[in-house]
Amino acid sequence: MLDLKFIRENPEAVKRGAQLKNMTVDVDRLLELDARKRHVQSTLQELQTEQNKASKELGPLMGQLKKEQDPAKRAELEAKAEALKTRPSAIKADMIGLEELIRTLDPDIEQLLLTMPLPPDDDVPIGKSSEDNVETFKWGTPRQFDFAPKTHLELGKSLGLFDLDRGVKMAGSRSYVLTGAGAMLHQAVLRMAQDFMVFEQGFTPMAVPVLVKEAAMRGTGFFPAGREQAYRVGEVEERDEDVRYLTGTGEVGLTAFHMDEILSEAELPRMYVTVSTCFRREAGTYGKDTTGLYRIHQFDKVEQVVICRNDKEESKHWHRKMLSFSEEMLKRLGLPYRLLQCCTGDLGVKNASMIDVETWMPSRNGYGETHSASRLYDFQARRCNLRYKTADGKMHFCHTLNNTVIASPRILIPILENHQNADGSVTIPEPLRKHMGGMERIEPGK
RNA sequence: GGAGAGAUGGCCGAGCGGCUGAAGGCGUCGGUUUGCUAAACCGAUGUACGGGGUAUCCCCUGUACCACGGGUUCGAAUCCCGUUCUCUCCGCCA
């Protein structure tokens, strides 16, 4: 969420930011509603002041009246009290009207405010869509096969690693079942990533809810824009408070963890990592990546979140650092990858900058997205009402960042395809072996 | 699922419908005293929004906020209704 004051003072910057992100937002209407509300509010406040003044006089008077025995004096006091009551009584109806008006204005302002995107950072290349993303770094060389390499689908079948048909049978399209060594490999990858973040990088491991309330989705910026991407749980007739949503990323649980809190500067940065199941409806992707383990409704992801001070440089520093953790995972797994600086048009509402990591997938004869690192500044923290206090008592909104450490089973695609052998087996990358009972290769018929 | 209790500031805790943004204590910060520490004493110590200031993080002023949302009233932390959450007991399930 943007600061309303900022929008008021920089409407053009906000408009331009939205435009760069290919989004249409009605800044003018927001400002108009805001102006109207403030006008109503100040009128209301004046009336409240009057009321309060009358009350302050009435208070002691009523106290006297209670004690007073003399009928003559009582009558006098009563008359005085009645006189004092006339004005508040008279303005009461007006006040109720004004309150009503604010109540009708508020939801509209709120809704508009929630749709205002964070303007992209200056160093983000301008572009319309993912086509215009810029490759900034490349690691590793795609392997030249001296045999006809199989796709992960073929490997999965011949090695018995997953079963798509039965997955679809019970759970519908874009579903799967990991089986045998496939299931183990999946767990091994997650475990390796979590261990790395916890034991080598000092992140705090968390197990968070994946079924959350509307406030958590809105606070982390997924709602309202991404509402159609989330599974909604609850009966149609249920009241809003009973409805829950399945999260599409552990980022929600890690970031909303501190919702409505005031941290102290000394406890920043908070570094969290979670492995959680992610649910995505993948609405609007019909016909896209329909085969295999690439685009699926349910997967597991190790996600990293950092909550730091309100300092752009610090945010940028963490952004790079968190990205390096993802890169380290791919390096250890021996998977060639590249970094893409996403262009303005490819950014979501909440990002100031986003860097995707794409990993080499032989079956695509190209790179496929496996990670996404976002820098959000205080956009999420504002929505989450997540602040911190400095030593001298000043209050600020935190900055938040998030990035994939590893997501599986998608990452199994490059692992299987890149490490396959001519005999149809797959060599297990060394760091995964200790999580697979020491297994070094996955071989057919075993 | 049944019965009951509760929700007040960073924490504990008081609060007859008016002088309560809220006693008291703890904590924190500043000061005095002190060789240092401790102790003692004095003072300060919420947030949001609006308006005004010779005004980025300063001052003045107004309003709101005692779980949340309504209501009663000239006036609500205090009374009424609804919701959420927490706790205790019973039952049920794991």
Side-chain angles (χ1 to χ4, degrees), chain A residues 1-10 13 30-68 77-110 112-113 209 211-216 218-219 234 237-244 256-268 309-312 378 381-398:
Chain A
M1 183 161 64
L2 297 184
D3 184 3
L4 189 51
K5 218 180 283 174
F6 174 83
I7 302 176
R8 232 178 260 152
E9 286 160 12
N10 308 277
L30 173 64
L31 291 181
E32 185 206 314
L33 289 175
D34 170 53
R36 210 187 305 168
K37 179 189 165 177
R38 277 186 296 157
H39 179 253
V40 173
Q41 201 173 33
S42 65
T43 316
L44 175 62
Q45 283 190 6
E46 280 165 28
L47 295 181
Q48 283 168 329
T49 309
E50 278 194 61
Q51 188 188 68
N52 287 345
K53 269 187 192 146
S55 272
K56 282 247 153 70
E57 291 182 49
L58 250 170
L61 198 61
M62 297 304 279
Q64 276 180 41
L65 192 56
K66 257 179 210 160
K67 279 183 233 152
E68 188 56 65
L77 286 172
E78 267 168 30
K80 242 173 144 179
E82 283 312 311
L84 271 172
K85 284 181 193 173
T86 42
R87 182 61 186 159
S89 295
I91 59 179
K92 200 181 171 185
D94 289 345
M95 289 177 57
I96 290 172
L98 293 174
E99 279 167 12
E100 199 75 26
L101 195 51
I102 288 180
R103 228 176 289 168
T104 60
L105 249 29
D106 266 339
D108 290 348
I109 292 174
E110 175 82 4
L112 278 166
L113 196 53
L211 193 60
V212 302
K213 297 199 282 190
E214 167 106 19
R218 197 178 45 233
E237 299 301 326
E238 274 181 305
R239 296 160 309 138
D240 285 350
E241 304 90 74
D242 290 333
V243 172
R244 299 285 186 275
F257 181 66
H258 288 299
M259 194 160 58
D260 292 323
E261 288 186 27
I262 299 167
L263 306 173
S264 75
E265 188 174 21
E267 36 181 354
L268 297 177
R309 299 185 311 125
N310 193 310
D311 180 323
K312 280 200 171 192
D378 62 4
R382 280 182 183 279
R383 291 193 177 217
C384 273
N385 191 26
L386 165 52
R387 295 172 292 173
Y388 70 95
K389 217 181 221 175
T390 58
D392 57 345
K394 297 251 161 42
M395 201 81 91
H396 301 281
F397 283 102
C398 300

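Just so it is clear, the model here is predicted, and its values are computed rather than measured.
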> Can you give the dot-bracket line for RNA chain B, using ( ) for pairs inside the strand, [ ] for pairs that cross earlier ones, | for pairs with another strand and . for unpaired bases, where Watson-Crick and G-U count if both distances are under 3.5 Å?
((((((((.[[[..)..(.....]]]((((((.......))))))((((((((....)))))))).[[[[[..)....]]]]])))))))....
> Under the salt bridge (Lys or Arg N to Asp or Glu O under 4.0 Å) criterion, do A:Glu265 and A:Arg309 qualify, and how do the steps go?
CA-CA 7 Å; A:Glu265 188 174 21; A:Arg309 299 185 311 125; 3.3 Å; yes
> Can you work out whether A:Arg103 or A:Ala54 has the more 5'-proximal nearest nucleotide on RNA chain B?
A:Ala54
> With sequence neighbours left out, what residues match A:Glu50 under side chain to side chain donor-acceptor pair (under 3.5 Å)?
A:Arg87
> With A:Asp3 as reference, evaluate A:Arg383, A:Arg8, A:Arg382 under the salt bridge (charged side-chain N to carboxylate O under 4.0 Å, His left out) test and give the passing residue.
A:Arg382
> Using the P atoms only, state how far B:rG13 lies from B:rA76, rounded to an integer number of Å.
28 Å
> Rounding to an integer number of angstrom, what distance separates B:rA22 and B:rA64 when you compare their C1' atoms?
15 Å
> Give, for atom CZ of A:Arg38 and atom CG of A:Leu105, the distance between the pair rounded to the nearest 0.5 Å.
12.0 Å
> Under 4.0 Å, counting only non-hydrogen atoms across every strand here, what does A:Glu46 touch: a base, just sugar-phosphate, or nothing?
nothing
> C1' atom, B:rU72 versus B:rC81: distance in rounded Å?
10 Å
> Atom CG of A:Leu47 to atom P of B:rC74: distance rounded to whole Å?
16 Å
> Let me check something: any side-chain donor-acceptor pairs from residues 91-104 of chain A under 3.5 Å, sequence neighbours excluded? List them with distances.
residue	atom	partner	partner atom	Å
A:Thr104	OG1	A:Leu101	O	2.7

> Begin with the C-alpha distance, continue with both residues' side-chain angles, and end with the deciding distance and a verdict on side-chain contact (heavy atoms from CB on, under 4.5 Å) for A:Asp260 and A:Leu386.
CA-CA 5 Å; A:Asp260 292 323; A:Leu386 165 52; over 6 Å; no
> Generate the contact string for nucleotides 44-51 of chain B. Rules: B means base contact, S means sugar-phosphate contact only, - means no protein heavy atom under 4.0 Å.
---SSSSS
> How far does the C1' atom of B:rG21 sit from the matching atom of B:rU78, given to the nearest Å?
15 Å
> For a quick test of reading the model: is some side-chain N or O of A:Lys56 closer than 4.0 Å to OP1 or OP2 of B:rG75?
no
> Rounded to whole angstrom units, what separation is found between the CG atom of A:Asp260 and the P atom of B:rA67?
15 Å
> Rounded to the nearest Å, what distance is computed from the NZ atom of residue A:Lys53 to the P atom of nucleotide B:rU61?
13 Å
> Which part of the nucleic acid does A:Ser55 contact within heavy-atom distance under 4.0 Å: base, sugar-phosphate only, or nothing?
base
> Hey, what are the protein-to-nucleotides 52-56 of chain B N/O distances that come in under 3.5 Å?
none

> Using the C1' atoms only, state how far B:rU8 lies from B:rG46, rounded to an integer number of Å.
13 Å
> Does B:rG75 have OP1 or OP2 sitting under 4.0 Å from an N or O in the side chain of A:Asn52?
no
> Using whole Å, report how far NZ of A:Lys394 lies from C1' of B:rC29.
13 Å
> In Å, rounded to the nearest 0.5 Å, how long is the span from CZ of A:Arg387 to CG of A:Asn385?
4.5 Å
> Using the side chain to side chain contact (heavy atoms under 4.5 Å, CB included) criterion, which residues pair with A:Lys56? Sequence neighbours excluded.
none
